[in-house]
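So you know, we letter chains A, B, ... as the sequences are listed, proteins then strands, and number each from 1.
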There are 2 protein chains.
Amino acid sequence: MKAPAFRRIEPDARRLALIEACARVLARAGSAGVSVRAIAVEAGVSPGLVSHYFPGIEALVAATYAHVEGAVAETLDRAVEAAGPDPRARLDAFVTTTFAPTIADPQLLATWIAFWSLVTARPAIAAQHDEQYAGSRARLESLLGDCGMPPGEQRRAAIAVSALLDGLWLELCLSPGCFSAEEAGDIARRFLDTLISTGR
Amino acid sequence: MKAPAFRRIEPDARRLALIEACARVLARAGSAGVSVRAIAVEAGVSPGLVSHYFPGIEALVAATYAHVEGAVAETLDRAVEAAGPDPRARLDAFVTTTFAPTIADPQLLATWIAFWSLVTARPAIAAQHDEQYAGSRARLESLLGDCGMPPGEQRRAAIAVSALLDGLWLELCLSPGCFSAEEAGDIARRFLDTLISTGR
DNA sequence: TTGCTTGTTGGACGATCGTACAACAAGGCG
DNA sequence: CGCCTTGTTGTACGATCGTCCAACAAGCAA
């Protein structure tokens with residue numbers, strides 16, 4: 001009796017396993033340390049399998065970004081739902097969760113940076129970024145609209161809030177000692193106060 | 001009579017030439033396309049010379065970031081000076097110039113991304129980022145103080161403004177079609193209005 | 001059980017990477 | 001003019017990269 005040399009699993013599950021392995025490698029070694037072989041070792045498969053499922057590292061990084069971004073969005077959505085019916089409380093939950101340790105994580109940032117490094121040179125990846133950024137902004141517009149913000153102002157406000165959150169999130173990951181997640185949340189919530197209370 | 005095979009220049013000038021060549025390679029090929037050989041070709045020197053001046057690519061990228069960041073800071077300072085004595089006009093000039101084509105440039109972003117990708121893994125580079133971020137924030141605190149903001153609020157406000165500018169700058173580079181530089185400037189200036197006018 | 005489908009292996013291949021070092025020559029000095 | 005310092009070259013080296021593909025075997029169907 002011998003143990004199987006490998007396990008056959010359905011393509012979708014294998015793709016997901018490779019994506020998760022890629023995310024772990026990016027978290028550990030950064031965008032410079034990601035390679036077909038490193039991901040294969042991390043996933044416990046042979047190097048050839050990575051090339052069999054993805055035409056190249058770039059495609060795998062793009063798929064990993066899409067997956068991780070989806071997981072982050074899901075976490076945020078769950079936090080918003082858990083906040084109850086009050087629109088402002090839901091918006092605050094969105095902000096607070098953005099800076100929670102699970103999301104404002106330097107290891108997560110590595111996936112973003114690896115993806116950003118491809119945006120400028122690869123048109124297909126630039127299109128993917130446009131799409132995911134638009135989706136994120138739309139979610140924010142919806143939350144702002146629920147707080148009574150007129151539709152005409154939602155787009156601009158969502159751009160502003162998204163930029164502020166992104167900037168705080170980025171620095172929180174890059175220089176964790178400079179300010180705290182609570183401070184970032186306070187800054188963002190105070191900004192939302194001025195956006196929502198004033199009628200402009 | 002034969003032309004010289006190469007030119008000897010003083011070490012500081014050679015270092016600068018290599019840094020500028022690195023910036024051009026990063027702008028053209030992104031952080032993935034940067035290598036000792038590519039930089040050597042760009043600078044018109046032999047591959048061995050790069051290793052002779054920098055212990056590795058990472059050190060050269062860090063030096064390039066420091067140099068480019070310094071140039072950006074100088075551009076912003078000049079714009080602030082050119083704005084005249086009015087504190088608020090100086091602050092507005094700072095914002096407007098941040099989104100000017102020279103600075104909000106996808107090619108410049110490549111240098112930032114290459115540097116960011118090293119921050120998490122390399123403590124020395126993390127320290128360099130902390131230092132340059134603190135400097136950028138101090139410059140902003142000074143401009144805010146000139147507008148009458150109490151010292152106790154300057155730190156938090158500088159973090160907020162810096163994050164908003166960074167976030168807008170980042171998206172302006174990554175998705176140039178989503179919103180314009182003028183729109184980004186309007187958003188930032190409006191944010192400054194609420195920060196400065198209100199007494200909190 | 002036997003056969004077939006196909007997910008998976010694992011090594012070979014050429015290209016490119018960073019590094020090191022001995023040889024060369026440009027430019028200043030005596 | 002010839003020597004000396006040293007900035008610079010150019011190559012060789014081993015490691016690692018992404019890609020490819022023939023062979024293998026796991027698991028289902030009959």
Side-chain angles (χ1 to χ4, degrees), chain A residues 1-22 24-26 28-64 110 114-115 117-118 121-122 124-125, chain B residues 1-22 25-26 28-64 114-115 117-118 121-122 124-125:
Chain A
M1 185 180 187
K2 54 182 175 181
F6 59 89
R7 225 167 40 104
R8 293 172 87 117
I9 65 180
E10 58 177 329
D12 285 344
R14 182 66 76 186
R15 277 182 62 93
L16 184 59
L18 290 175
I19 285 172
E20 288 171 343
C22 180
R24 287 194 299 272
V25 171
L26 281 171
R28 187 199 320 128
S31 50
V34 74
S35 73
V36 169
R37 288 164 212 270
I39 294 167
V41 169
E42 179 68 33
V45 299
S46 71
L49 198 60
V50 177
S51 295
H52 182 262
Y53 277 96
F54 295 93
I57 289 288
E58 297 186 358
L60 178 48
V61 167
T64 301
F115 180 76
S117 73
L118 304 174
R122 319 289 164 179
I125 292 189
Chain B
M1 186 180 187
K2 54 183 177 182
F6 59 90
R7 225 166 43 101
R8 293 171 85 118
I9 63 179
E10 56 177 331
D12 285 345
R14 183 65 78 185
R15 277 182 63 92
L16 183 59
L18 290 174
I19 285 172
E20 287 170 346
C22 180
V25 171
L26 280 171
R28 187 199 321 127
S31 50
V34 75
S35 71
V36 168
R37 288 165 213 273
I39 294 166
V41 170
E42 179 68 34
V45 299
S46 71
L49 200 60
V50 178
S51 296
H52 182 262
Y53 278 96
F54 294 93
I57 288 289
E58 298 185 356
L60 178 48
V61 167
T64 302
F115 181 77
S117 73
L118 303 175
R122 319 288 164 180
I125 292 188

A:S46 side-chain N/O to C:dG10 phosphate OP1/OP2 under 4.0 Å: no
Within 6.0 Å of CZ in B:R28, more than 12 heavy atoms from elsewhere: yes
For atom CZ of A:R37 and atom P of C:dG10, their distance in whole Å: 13 Å
Atom pair OG1 (A:T64) and CZ (A:F54), whose distance is rounded to the nearest 0.5 Å: 6.5 Å
Separation between OG of A:S31 and CG of B:L118, rounded to the nearest 0.5 Å: 7.5 Å
Qualifying residue, where the test is side chain to side chain contact (heavy atoms under 4.5 Å, CB included) with A:C22 and the options are A:L26, A:L18, A:V25, A:I19: A:L26
Nearest non-hydrogen partners of [X] and [Y], listed with the distance:
X: A:R7; Y: A:R14; answer: O-NH2, 2.9 Å
X: B:A21; Y: B:A43; answer: CB-CB, 3.6 Å
X: A:E42; Y: A:R24; answer: OE2-NE, 2.6 Å

Nucleic acid contacts - residues 6-19 of chain B versus DNA chain C, non-hydrogen atoms under 4.0 Å: B:F6, B:R7, B:R8
Residue-level proximity of residues 48-57 of chain A to DNA chain C when a heavy atom falls under 4.0 Å: A:G48, A:L49, A:H52, A:Y53
Any residue meeting side chain to side chain contact (heavy atoms under 4.5 Å, CB included) with A:S51, in chain and number order, not counting sequence neighbours: A:V36
